[in-house]
**Student:** 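Handing you a structure now.
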Amino acid sequence: VAEHDVFYVGGGSTANLLALWRLHGLDRLLRDACRAGAVLAGVSAGMNCWFEGSVTDSFGGLGPLADGLGFLEGSACPHYDGEPERRPTYRRLVGSELADGYAADDGAALHFVDGALVEAVSSRPSASAYRVEGRGSEVIEERLPVRYLGTGAT
């Protein structure tokens with residue numbers, strides 16, 4: 001693990017991948033790799049795993065997972081526009097069962113450096129990313145600026 005510069009995690013069950021990584025000590029090795037400057041990336045479960053918490057379907061229906069790796073503060077929600085129940089579920093959970101966090105439409109990505117969001121990018125012109133915060137009984141959803149990485153419309 002220490003010899004690699006990039007770790008890309010695809011989709012699947014967030015809960016299962018975290019359980020297996022912890023069982024085999026990969027969580028600690030990935031933390032060390034991150035501290036040494038490796039790039040950690042992923043989609044779906046591969047987005048969720050780096051945060052403290054997330055919305056996941058690992059347990060059947062959509063629900064909170066509050067024990068992510070915590071390399072990034074807060075919570076995450078992928079597929080914000082790709083699955084009809086993601087957005088309302090995340091908005092319901094932020095501020096109660098999950099910390100404030102970030103949501104990304106399919107095709108959008110969040111780029112963090114040293115734990116701070118640097119920018120949001122997309123492979124689709126219409127893909128968006130959001131900062132989602134619970135303020136009392138209200139949930140504030142702020143659309144983030146997104147840099148489209150393609151040329152022309154698709």
**Student:** Atom CD of Glu138 and atom CD of Glu133: how far apart are they, to the nearest 0.5 Å?
**Tutor:** 11.0 Å

**Student:** Any donor-acceptor pair under 3.5 Å linking the side chain of Arg143 with the backbone of Ser128?
**Tutor:** no

**Student:** Transitively linked via ILVMFWY side-chain contacts under 4.5 Å: Leu144 with Val94?
**Tutor:** no

**Student:** Less than 4.0 Å between a side-chain N and a carboxylate O, is that true for Arg131 and Glu141?
**Tutor:** no

**Student:** So if I apply the side chain to side chain contact (heavy atoms under 4.5 Å, CB included) rule between Asn48 and each of Ser13, Ser54, Ser75, which one comes out positive?
**Tutor:** Ser54

**Student:** Working to the nearest 0.5 angstrom, can you tell me the gap between Trp50 CH2 and Leu69 CG?
**Tutor:** 6.5 Å

**Student:** Compute the centroid of each ring, for Tyr80 and then for Tyr130, and state whether the two points are separated by less than 6.0 Å.
**Tutor:** yes

**Student:** Taking Leu117 as the starting point, is it possible to reach Leu72 by hopping between hydrophobic residues whose side chains are less than 4.5 Å apart?
**Tutor:** yes

**Student:** Check whether any side-chain N or O of Thr56 sits under 3.5 Å from a backbone N or O of Ser58 as a donor-acceptor pair, and report yes or no.
**Tutor:** yes

**Student:** Give the ring-plane orientation class for Phe51 versus Phe112, where under 30° counts as parallel, over 60° as perpendicular and anything between as tilted.
**Tutor:** perpendicular

**Student:** Ignoring hydrogens and geometry, is there a side-chain-to-backbone donor-acceptor pair from Ser122 to Ala108 under 3.5 Å?
**Tutor:** no

**Student:** Is the shortest heavy-atom distance from the side chain of Val55 to the side chain of Leu93 under 4.5 Å?
**Tutor:** yes

**Student:** Can you list every salt bridge (Lys or Arg N to Asp or Glu O under 4.0 Å) pair that touches residues 30-53, not counting sequence neighbours?
**Tutor:** none

**Student:** What's the verdict on side-chain contact (heavy atoms from CB on, under 4.5 Å) for Val139 and Val132, showing C-alpha distance, side-chain angles and the deciding distance?
**Tutor:** CA-CA 7 Å; Val139 174; Val132 182; 3.6 Å; yes

**Student:** Kindly indicate whether the side chain of Phe7, heavy atoms from C-beta on, has any atom under 4.5 Å from the side chain of Val1.
**Tutor:** yes

**Student:** To the nearest 0.5 angstrom, please state how far the NE2 atom of His111 sits from the CD atom of Glu119.
**Tutor:** 7.0 Å

**Student:** I need the Asp100 CG to Glu73 CD distance, nearest 0.5 Å.
**Tutor:** 11.0 Å

**Student:** Do you know the tightest heavy-atom contact between Ala15 and Phe59?
**Tutor:** CB-CZ, 3.6 Å

**Student:** Locate the shortest heavy-atom distance separating Ala45 from Leu17; write the atom from each residue and the value.
**Tutor:** CB-CD2, 3.7 Å

**Student:** Is there a side-chain contact between Ser44 and Met47, using heavy atoms and a 4.5 Å cut-off?
**Tutor:** no

**Student:** Should Leu18 and Leu65 be marked as a side-chain contact (heavy atoms from CB on, under 4.5 Å) after you check the CA-CA gap, both sets of side-chain angles, and the distance that decides it?
**Tutor:** CA-CA 11 Å; Leu18 290 170; Leu65 186 143; 3.8 Å; yes

**Student:** Considering all heavy atoms of both residues, which atom of Leu40 and which atom of Cys34 are nearest to each other, and what is their separation?
**Tutor:** CD1-CB, 3.5 Å

**Student:** Can you name the salt bridge (charged side-chain N to carboxylate O under 4.0 Å, His left out) partners of Arg22, sequence neighbours left out?
**Tutor:** Asp67

**Student:** Write down the atom of Phe71, the atom of Asp27, and the distance for their closest heavy-atom approach.
**Tutor:** CZ-O, 3.8 Å

**Student:** For Leu110 and Ala120, work out which heavy atoms get closest and say how close.
**Tutor:** CD2-CB, 4.0 Å

**Student:** Under the side-chain contact (heavy atoms from CB on, under 4.5 Å) rule, what do Tyr8 and Val43 come out as? Steps first, then yes or no, please.
**Tutor:** CA-CA 8 Å; Tyr8 180 86; Val43 298; 3.3 Å; yes

**Student:** Find the distance between CZ (Arg87) and CZ (Arg92) and round it off to the nearest 0.5 Å.
**Tutor:** 15.5 Å

**Student:** For the pair Glu83 and Arg86, find out whether any cationic side-chain nitrogen is under 4.0 Å from an anionic carboxylate oxygen.
**Tutor:** yes

**Student:** What are the two closest non-hydrogen atoms of Ala76 and Tyr90, and how far apart are they?
**Tutor:** N-OH, 3.8 Å

